[in-house]
Number of protein chains: 2
Amino acid sequence: MARGKIQIKRIENQTNRQVTYSKRRNGLFKKAHELTVLCDARVSIIMFSSSNKLHEFISPNTTTKEIIDLYQTVSDVDVWSAHYERMQETKRKLLETNRKLRTQIKQRLGECLDELDIQELRSLEEEMENTFKLVRERKFKSLGNQIETTKKKVKTSSIFTHFAFLSYYLSQYFRVM
Amino acid sequence: MARGKIQIKRIENQTNRQVTYSKRRNGLFKKAHELTVLCDARVSIIMFSSSNKLHEFISPNTTTKEIIDLYQTVSDVDVWSAHYERMQETKRKLLETNRKLRTQIKQRLGECLDELDIQELRSLEEEMENTFKLVRERKFKSLGNQIETTKKKVKTSSIFTHFAFLSYYLSQYFRVM
DNA sequence: GACACTATTTATAACAG
DNA sequence: TCTGTTATAAATAGTGT
């Protein structure tokens, strides 16, 4: 018997609370099911008891995941938004950085030079000149290393192989100079 | 009046269905609220009407996100991972692209040349040489444009300004040659 | 469409076994 | 702790405004 009007406030007695939780949970789920059938709706109920026990209801012919995905799509107060926005921002910045890097590379390939003013062209020219020298030196050094290695290998390699490399080296050497 | 036992089956009349949906939804939310207070529980209800309208209930002092996060932790249903993984993958790829672009630029600044073999050095050398020429030509052309502009402006500019620019132009010209 | 009424059904708090 | 009973509160279908 519901003796006296129910006061809606926390049931302090642990046992009564537990019993009421169980009963009302069933009631709630029953109502949810009726609503589903009567009104052709989809309902997801997720609940945690005071002891953090999970109970859920989900309308037949759907899944909780489906409902949550839809919820995410439809609702503006997007539970995922904090993460999502942050990642979107990161992605945006990375794309922007990549774009700038690509422009730099293009300019170092002689493209998009129109965008540069005379000062920028001068810097770039100087930079290219320096790097060109560095690369040339490096290549020369690399060739030097190779000929050293070849000298050491010469005893075990055929005179033909040795000669072939020497020819290549010399051609590169004069190309470089 | 609830005249006659309610049959739990879809209400075919569109209007009645809509009304019942609204009424029962309120009833359900009220019950959920009572359960929250009486039993110290947390409840999340997400529902979609037959016309895909979203309605939700969430216990006070919590958020839908919290409940869903907890739900995900406790149950095995993996709600966000699909989205999350996809974005992580995108980010990873962008960072990788970014890294490669930076390496290319460094090499075009004469750094990190150790990583290149002789063939790569040769390509790079050639590329640098070509670009250097392009940049030089471009600068020369840019200077040419400036002197043209200056010629046209000469009537309205002082002879001093004109002479000063010409000196600069000539210094650049001989620098370029 | 929202609200008011009301006969009835339904849910349930307190209690009992 | 659970299951059942029951007096009573609450919900609500159908109707009217």
Side-chain angles (χ1 to χ4, degrees), chain A residues 1-64 67 70-71 73-77, chain B residues 1-62 64 67 70-71 74-75:
Chain A
M1 321 103 186
R3 288 133 196 222
K5 191 174 175 180
I6 301 162
Q7 295 302 313
I8 303 300
K9 58 186 295 187
R10 187 173 191 270
I11 297 167
E12 294 303 333
N13 181 293
Q14 151 85 41
T15 309
N16 286 349
R17 192 169 66 232
Q18 166 57 35
V19 171
T20 296
Y21 178 73
S22 171
K23 284 185 173 178
R24 277 180 173 260
R25 172 161 42 79
N26 287 333
L28 194 71
F29 286 0
K30 188 181 171 196
K31 291 270 181 208
H33 177 254
E34 289 175 0
L35 190 47
T36 297
V37 175
L38 287 168
C39 307
D40 198 22
R42 282 162 296 163
V43 183
S44 157
I45 304 180
I46 299 172
M47 50 197 293
F48 291 93
S49 70
S50 56
S51 56
N52 284 322
K53 214 164 172 170
L54 167 68
H55 295 278
E56 68 171 315
F57 170 85
I58 184 66
S59 297
N61 305 321
T62 189
T63 63
T64 302
I67 297 294
L70 205 52
Y71 174 76
T73 311
V74 172
S75 87
D76 279 333
V77 186
Chain B
M1 320 105 183
R3 287 136 197 216
K5 189 174 176 180
I6 301 161
Q7 295 302 313
I8 303 300
K9 57 184 296 187
R10 186 173 191 271
I11 297 167
E12 295 302 334
N13 182 294
Q14 153 85 39
T15 309
N16 287 348
R17 192 169 64 231
Q18 167 56 36
V19 171
T20 296
Y21 178 72
S22 173
K23 283 184 174 180
R24 279 181 172 258
R25 171 160 44 78
N26 286 332
L28 194 71
F29 287 180
K30 188 181 173 197
K31 291 270 179 209
H33 178 255
E34 289 175 0
L35 189 47
T36 296
V37 176
L38 288 167
C39 306
D40 198 23
R42 282 163 296 163
V43 184
S44 158
I45 304 181
I46 299 171
M47 51 197 292
F48 291 93
S49 70
S50 57
S51 54
N52 285 321
K53 216 164 173 170
L54 167 68
H55 296 278
E56 68 171 315
F57 169 86
I58 184 66
S59 297
N61 306 319
T62 189
T64 302
I67 297 295
L70 203 53
Y71 174 75
V74 174
S75 74

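Lettering of chains follows the sequences in order, A, B, ..., and the numbering in each one begins at 1.
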- Residues from residues 14-26 of chain A sitting under 4.0 Å of DNA chain C, heavy atoms only? A:Thr20, A:Lys23, A:Arg24
- Item | Residues in side-chain contact (heavy atoms from CB on, under 4.5 Å) contact with B:Lys23, at least two apart in sequence or another chain | B:Val19
- Among residues 33-44 of chain B, which contact DNA chain C at a heavy-atom distance under 4.0 Å? none
- Task: Using a cut-off of strictly less than 4.0 Å, decide whether A:Lys31 has a side-chain nitrogen or oxygen near OP1 or OP2 of C:dT10.
- Result: no
- Side-chain heavy atoms of A:Arg42 within contact of A:Ile67, under 4.5 Å: yes
Return a table of donor-acceptor pairs under 3.5 angstrom between the side chains of residues 25-37 of chain A and protein atoms on other chains or two or more places apart.
unit_1: A:Asn26; atom_1: ND2; unit_2: A:Ser22; atom_2: O; d: 3.4
unit_1: A:Glu34; atom_1: OE1; unit_2: B:Arg24; atom_2: NH1; d: 2.7
unit_1: A:Thr36; atom_1: OG1; unit_2: A:Ala32; atom_2: O; d: 2.9
unit_1: A:Thr36; atom_1: OG1; unit_2: A:Ser59; atom_2: OG; d: 2.8

- State whether A:Lys30 places a side-chain N or O below 4.0 Å from either non-bridging phosphate oxygen (OP1 or OP2) of C:dA11. yes
- Tightest non-hydrogen contact, residues B:Ala41 and A:Tyr21, listed as CB-CE1, 3.6 Å
- Of all residues at least two apart in sequence or in a different chain, which pass the side chain to side chain donor-acceptor pair (under 3.5 Å) check with B:Asn61? none
- Task: Could you tell me the separation between the CD1 atom of A:Ile11 and the C1' atom of C:dA14, rounded to a whole number of Å?
- Result: 11 Å
- Query: How many Å lie between CZ on B:Phe29 and C1' on D:dA11, as a whole number?
  - Reply: 16 Å
- Item | B:Tyr71 vs A:Glu56 side-chain heavy atoms within contact, under 4.5 Å | yes
- Residues two or more places apart in sequence or in another chain: which of them pass side chain to side chain donor-acceptor pair (under 3.5 Å) with A:Ser51? A:Ser49
- Between B:Thr15 and B:Asn13, what is the shortest heavy-atom contact and its length? N-OD1, 2.9 Å
